[in-house]
Chemist: 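Below is the structure I would like to discuss, written out as structure tokens.
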Number of protein chains: 2
Amino acid sequence: MPSRVPQERSRRRPTRSGVLLSEDLIVETALRLIGEHGPEALSVRRLGAALGCDPSALYRYFHDTDDLVLAIADRLIGDAMDGFEPGGDWVASLRETALRVRAGYLAHPRAAALAAHRVTRRKNEIRAVETGIGLLMSAGFETATAVRLYLAFIDTVLSHAATDAAFAALPRQQREADQRAWRDVYQDLDPEEFPALTAARGALPGMADSAFEDAVDLLLEALAARAPASRRKRTDTARRPVRPADRPESADPADG
Amino acid sequence: MPSRVPQERSRRRPTRSGVLLSEDLIVETALRLIGEHGPEALSVRRLGAALGCDPSALYRYFHDTDDLVLAIADRLIGDAMDGFEPGGDWVASLRETALRVRAGYLAHPRAAALAAHRVTRRKNEIRAVETGIGLLMSAGFETATAVRLYLAFIDTVLSHAATDAAFAALPRQQREADQRAWRDVYQDLDPEEFPALTAARGALPGMADSAFEDAVDLLLEALAARAPASRRKRTDTARRPVRPADRPESADPADG
DNA sequence: CTCTTGCGTCAATGCTGTTGACATAAGGGG
DNA sequence: CCCCTTATGTCAACAGCATTGACGCAAGAG
């Protein structure tokens, strides 16, 4: 079977039930399906039924289900970062990125659980990586360092967001049981064996909260401390955080 | 069908091929299967074949496959932290905790990926929390702060480890495609639209690596900077908590 | 020795992703 | 305007998945 996934479609044909398929429509329907009935509700057959087409029609739009999952993941990124413009303060911009990603994941917790750990290699992700690395380069980090630190940053953000989303996707009963555990199970321990827990008894219910913001703030503190350039707000460059030509220091051999 | 999973078995019968089934044997065989033939090799049918019994016999021991996965994960936790003793250097101890957790997860990625976002309130976890909070309190943090910061630390460790495990648990094809993406797709971009990515072109394949150690180190740096007690180096421990900003790769020889 | 019943086995159900063959209509070329 | 190419929706089939009800053997109690 030759290339079932063409890029442009001129000869669009309505399905038996009258629907005009499109990549966007499929992704949106998949998101709705997952949101309503959980990630395990996403199957080619069910998606076909929800769209009103034969399941195999989807293979005209996506190479396989993984391809579809990546499209969903990229859509989440796009929605989360929609309208974001990096400002002059790179720390503040990274912080907003983190908060946006988390909010976007929490808006579709069950889809996020499916998509969180993938590299989508699609346009929305590429744009986000461009912005993030650009921010770190504007902070004065040398390119290779900027790449490594961006990876540490975005992986922390993504994996924390995934954790929060996975928790939010739990059925209410189980979620509340998890929270209660910190009150109940951990409150009645032998002080001899568990001195620290006993001393911290009153603060333990806080373990049920999300550590997302604390973790991000700690990470940004460390990044700011390592940054060559001052973290001071820049007055001039509002839109483009960095251009290859006028980066503060370093001659870059990679630039032809 | 009444309770297919009794706790004690007195009437054990050998399988057609002569094997005496047990919960432990099943868990061990499952781990061996995953280790030898990759994460996707774990299915009820294959496990039955590897054990020399009918697949359905497993349902006498585990309620369903998820139950089996949890049993596997429970063993992982115990194995990972087995023999750990916190030392005098709280930063080094937290660092070792992080590395142990990650190693334990990576040893059996599929089980880890499935169980990572769940909190087992079992003995091993309780001991780990006790140790961790105790370490932060020994650093001079006030108890409530110690609890919050420990949460930020352990959540970062767990969610990063989950990310790494999820990646390792991907089918080989998808895993390699994800890695290739940083080489291929990200190499051929419009320099006008993506200046930072273009400048960082040569360093992008590094995005396929794990950010685990970088993230943990950044977090520990921030914790050390916030610690009330002096973070001056202790004479007895060799491991330095803070690493230089631009180390090439983690080639850390064994401790002692 | 007999009887109960735990437990391994068999067969069947209804999912899943995927694909090769087929039918049909869209839309460009003459 | 009509024909022809071919993109695209449909159908049927395959292999593999988890799960379960019925069945029967044999282990161990009495």
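Please read all numbers here as calculations on a predicted model, not as lab measurements. Letters A, B, ... are given to chains in the order of the sequence lines, protein chains preceding strands, and every chain is numbered from 1. Both backbone and side-chain heavy atoms feed into the values below; hydrogens, waters and symmetry mates do not.
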Chemist: Quick one: do A:D82 and A:R100 make a salt bridge, cutoff under 4.0 Å?
Modeler: no

Chemist: May I have the distance from A:L33 (atom CG) to C:dT16 (atom C1'), rounded to whole angstrom?
Modeler: 15 Å

Chemist: Anything under 3.5 Å between a donor and an acceptor, one on a side chain of residues 24-31 of chain B, the other on a protein residue two or more places apart or in another chain? List them.
Modeler:
from	atom 1	to	atom 2	distance (Å)
B:D24	OD1	B:R75	NH2	3.3
B:E28	OE2	B:R75	NH1	3.3
B:T29	OG1	B:L25	O	2.7

Chemist: To the nearest angstrom, how far is B:R16 atom CZ from C:dC7 atom C1'?
Modeler: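 To the nearest whole Å, that distance equals 14 Å.
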
Chemist: Measure CZ/B:F62 against P/C:dG8 and give the value in whole Å, please.
Modeler: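 Checked: the CZ to P distance equals 12 Å.
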
Chemist: Run the salt-bridge test on B:R12 and B:E23 with the 4.0 Å N-O cut-off and return the result as yes or no.
Modeler: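 Answer for the salt bridge query: no.
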
Chemist: Which nucleotide in the list C:dG8, D:dA18, D:dT10 gets nearest to the side chain of B:A57?
Modeler: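 So the side chain of B:A57 is nearest to C:dG8.
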
Chemist: Looking only at N and O atoms, is any donor in the side chain of B:S56 or the base of C:dC10 less than 3.5 Å from an acceptor on the other one?
Modeler: yes

Chemist: Please determine whether a side-chain nitrogen or oxygen atom of B:Y61 lies at a distance below 4.0 Å from atom OP1 or OP2 of C:dC7.
Modeler: no

Chemist: Under the rule for salt bridge (charged side-chain N to carboxylate O under 4.0 Å, His left out), what residues qualify as partners of A:D164, not counting sequence neighbours?
Modeler: A:R102

Chemist: Between the protein and nucleotides 28-30 of chain D, are there any N/O to N/O pairs under 3.5 Å, and if so, what are the atom names and distances?
Modeler:
from	atom 1	to	atom 2	distance (Å)
D:dG28	OP1	B:S10	O	3.3

Chemist: For B:A152, is there any backbone N or O sitting under 3.5 Å from a side-chain donor or acceptor partner on A:D214?
Modeler: no

Chemist: Salt-bridged, A:R122 to A:D67, with N to O below 4.0 Å?
Modeler: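 The answer is yes: the pair qualifies as a salt bridge.
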
Chemist: Where along residues 40-55 of chain A does a heavy atom fall under 4.0 Å from DNA chain D?
Modeler: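 A:R45, A:C53, A:D54 - these, ordered by number, are the residues of the stretch whose heavy atoms sit under 4.0 Å from the strand.
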
Chemist: Check every atom of C:dT9, D:dA18, C:dT18 against the side chain of B:Y59 and return the nucleotide holding the closest atom.
Modeler: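 Selected nucleotide (nearest to the side chain): D:dA18.
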
Chemist: In whole angstroms, how far is the C1' atom of C:dT16 from the CG atom of A:L58?
Modeler: 14 Å

Chemist: Take the protein atom CG of A:D67 and the nucleotide atom C1' of C:dG17, then report the distance between them rounded to whole Å.
Modeler: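 Atom-to-atom, A:D67 to C:dG17, this comes out as 14 Å.
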
Chemist: What is the distance from CZ of A:R9 to P of D:dT6, rounded to the nearest Å?
Modeler: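 Atom CZ in A:R9 sits about 17 Å away from atom P in D:dT6.
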
Chemist: For B:D79, check salt bridge (charged side-chain N to carboxylate O under 4.0 Å, His left out) against everything at least two apart and list the hits.
Modeler: none

Chemist: Just to verify, what does B:R32 make a salt bridge (charged side-chain N to carboxylate O under 4.0 Å, His left out) with, not counting sequence neighbours?
Modeler: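 Partners of B:R32 by the salt bridge (charged side-chain N to carboxylate O under 4.0 Å, His left out) criterion, ordered by chain and then number, come out as B:E36.
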
Chemist: Could you check how far NE2 of A:H63 sits from C1' of C:dT19, rounded to whole Å?
Modeler: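 Rounding to the nearest Å, NE2 of A:H63 and C1' of C:dT19 are 11 Å apart.
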
Chemist: Go through the N and O atoms of the side chain of A:R60 and the base of D:dG9, and report whether any donor-acceptor pair is under 3.5 Å.
Modeler: yes

Chemist: Checking A:R9 against A:Y61: charged group under 6.0 Å from the ring centre and within 45 degrees of the axis?
Modeler: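 Satisfied, under 6.0 Å and within 45°.
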
Chemist: Starting from C1' on C:dT18, measure out to CG on A:D66 and report it in whole angstrom.
Modeler: 14 Å

Chemist: On a plain distance test, is the side chain of A:R13 in donor-acceptor contact with the base of C:dT24 below 3.5 Å?
Modeler: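 Pair found.
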
